[in-house]
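This structure is a prediction, so every number in the text was calculated from the model and none was measured. Just so it is clear, the values below take in all heavy atoms, side chains as well, and ignore hydrogens, waters and symmetry mates. Residue numbers count from 1 along this sequence.
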Amino acid sequence: MNDKSMQQSQRFHGLDFLRGLMMSLGLVLHSAQMYMVNPVLDYYWDPARSLSMDILLFWINTFRMPVFFMLSGFFTAMLLRRRGPQQMFQDRYRRIVIPFLVFLPPLALVMTALRIIARNVMATGELGFDLNYIEDPEQLWNNTHNLWFLYYLILYIVTLRLAIMWLPSIANIEKSAPTQEVYAPITMLPVCLAFALIGGFSDIGRVSGNLSFVPALDVYLVYGICFAFGVLLYRRIMDLDVLARAWKKYMALATAMFFVALFSLLSKGSMDQLGY
């Protein structure tokens with residue numbers, strides 16, 4: 001499939017499937033959190049625990065959110081080309097900003113109630129609503145909860161809007177594609193080095209989600225790189241076929257690197273923040 005025909009396609013079914021798969025893995029990892037040897041939840045920790053849950057969670061979290069942000073960058077670039085800047089921003093406002101503003105308050109209420117009840121169960125073995133078992137009550141409400149990724153997507157859309165205001169030529173997504181493939185070493189090496197450099201400041205060697213309303217610079221940078229990579233992938237859309245055909249090779253390489261990272265983490269003698 002050539003560049004022009006792919007860009008005119010109405011749906012990218014493979015990417016839709018990938019997005020659905022990443023959403024499904026969210027159910028797996030959030031279930032696994034309760035059964036980890038090293039607790040990452042401050043509200044419930046099941047007595048039945050297994051190190052395999054720690055490894056499973058670490059594995060899924062290594063790629064799941066980067067994939068989400070990459071796909072968002074890809075589809076944002078697609079909307080920018082097909083509809084132009086104004087309609088693209090209107091679409092992102094309807095699909096990202098409004099859902100965040102509408103669903104955060106009820107989600108905060110539900111999550112707060114469930115967290116209080118869970119802490120009571122952990123402390124007493126019975127259902128209750130005693131706030132004395134909450135170590136940091138402010139964290140019950142003063143955060144973005146499970147919508148933190150929408151919060152950072154909003155930040156990237158705002159950043160893109162400012163960039164287009166200052167440099168309108170950025171909106172010209174139809175200009176010639178980069179000459180280097182997205183999977184070429186000259187493209188991937190700087191990305192990997194950036195991830196390694198930023199993640200090196202973390203105890204687990206990578207950046208995880210941040211629920212605070214105050215944006216974390218490392219989170220903004222890492223997932224911003226993923227978002228930008230998605231834009232680049234749309235600019236080099238002809239590379240999708242190559243990546244699809246070579247998925248086994250890249251999966252094997254990624255798996256090998258995952259076990260290198262896991263071994264490096266275990267060699268430190270601490271897995272306190274393995275999963276989140």
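- Using a distance-only test at 3.5 Å, with no hydrogens or angles considered, a donor-acceptor pair links the side chain of D239 to the main chain of V182.
- Around CZ of F103, the count of heavy atoms belonging to other residues, nucleotides or ligands within 6.0 Å does not exceed 12.
- Sparse packing is recorded around CG of L127, with 12 or fewer heavy atoms of other residues, nucleotides or ligands lying under 6.0 Å away.
- Checking side-chain atoms of N120 against main-chain N and O of I116 turns up a donor-acceptor pair under 3.5 Å.
- Following chains of ILVMFWY side-chain contacts shorter than 4.5 Å, one can reach L243 starting from M188, so the two form part of one hydrophobic cluster.
- Two residues are said to be in side-chain contact when any heavy atoms from C-beta on lie closer than 4.5 Å; R83 and D91 meet this criterion.
- Put simply, CZ on R161 and CD on Q86 are 5.5 Å apart, with the number rounded to the nearest 0.5 Å.
- One finds the CE atom of M251 at 14.0 Å from the NZ atom of K249 (value rounded to the nearest 0.5 Å).
- Residue F12 comes nearest to F75 through the heavy atom pair CD1-CE2, 4.3 Å, listed as atom of the first residue, atom of the second, then distance.
- In this structure, R81 forms no cation-pi arrangement with Y234, as its terminal cationic atom is not both closer than 6.0 Å to the ring centre and no more than 45° off the ring axis.
- R236 approaches T179 most closely through the heavy-atom pair NH1-O, 3.6 Å.
- Going from atom CZ of R19 over to atom OG of S72 covers 9.0 Å, rounded to the nearest 0.5 Å.
- Taking 4.5 Å as the limit, every side-chain heavy atom of I154 sits out of range of all side-chain heavy atoms of Y93.
- A continuous path of ILVMFWY side-chain contacts below 4.5 Å connects Y156 to L211, so both sit in one hydrophobic cluster.
- Hydrophobic clustering (ILVMFWY, side-chain heavy atoms < 4.5 Å, transitive): L240 and W247 are in distinct clusters.
- Taking CD1 of I60 as the reference point, atom CD1 of I55 lies at 12.5 Å (rounded to 0.5 Å).
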Could you go through T76 and R92, starting from their C-alpha distance and side-chain angles, then the distance that decides it, and tell me whether this counts as side chain to side chain contact (heavy atoms under 4.5 Å, CB included)? CA-CA 8 Å; T76 296; R92 298 294 85 181; 3.9 Å; yes

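- Between atom OG1 of residue T62 and atom CG of residue L57 there is a gap of 9.0 Å, rounded to the nearest 0.5 Å.
- To the nearest 0.5 Å, the span separating SG on C192 from CD1 on I225 amounts to 10.0 Å.
- Closest approach of P190 and P185 over heavy atoms only: CD-O, 3.9 Å.
- In terms of heavy atoms, P178 sits closest to R235 at CD-NH2, 3.5 Å.
- Checking side-chain atoms of T187 against main-chain N and O of Y183 turns up no donor-acceptor pair under 3.5 Å.
- The two residues V37 and S50 make their nearest non-hydrogen contact at CG2-C, 3.5 Å.
- The hydrophobic cluster containing L232 also contains F63, counting ILVMFWY residues as joined when their side-chain heavy atoms lie under 4.5 angstrom apart, directly or transitively.
- Two residues are said to be in side-chain contact when any heavy atoms from C-beta on lie closer than 4.5 Å; N146 and M111 meet this criterion.
- For the pair H145/N143, a side-chain contact is recorded, criterion being any heavy-atom separation below 4.5 Å from C-beta on.
- No side-chain donor from either of T144 and Y152 sits under 3.5 Å from a side-chain acceptor of the other.
- The shortest side-chain heavy-atom distance between V222 and F69 does not fall under the 4.5 Å cut-off.
- Between F258 and F58, the ring planes lie tilted relative to each other; the angle falls in the 30° to 60° range.
- More than 12 heavy atoms of other shown residues, nucleotides or ligands fall within 6.0 angstrom of atom CG in L162.
- Counting heavy atoms of neighbouring residues, nucleotides and ligands inside a 6.0 Å radius, atom CZ of F259 does not exceed 12 of them.
- Side-chain contact between Y151 and N210 is absent, with no heavy-atom pair separated by less than 4.5 Å.
- R64 pairs by the side chain to side chain donor-acceptor pair (under 3.5 Å) definition with nothing, not counting sequence neighbours.
- Heavy atoms from other residues, nucleotides or ligands lying under 6.0 Å from CZ of F201 number 12 at most.
- Of all heavy-atom pairs spanning L160 and F89, the tightest one is C-CZ, 4.2 Å.
- Across N61, V28, L29, a single residue satisfies side-chain contact (heavy atoms from CB on, under 4.5 Å) together with L56, and that is V28.
- Other residues, nucleotides and ligands contribute more than 12 heavy atoms inside 6.0 Å of the CZ atom of F129.
- Residue Y250 places its OH atom among more than 12 non-hydrogen atoms of other residues, nucleotides or ligands, all under 6.0 Å distant.
- Linking Ile, Leu, Val, Met, Phe, Trp and Tyr residues whenever their side-chain heavy atoms come within less than 4.5 Å places F17 and M23 in a single cluster.
- When side chains are defined from C-beta on, D130 does not count as touching R119, because their heavy atoms never get closer than 4.5 Å.
- Partner of W148 under the ring pair (Phe, Tyr, Trp, His ring centres under 6.0 Å) criterion, chosen from F68, Y223, F100: Y223.
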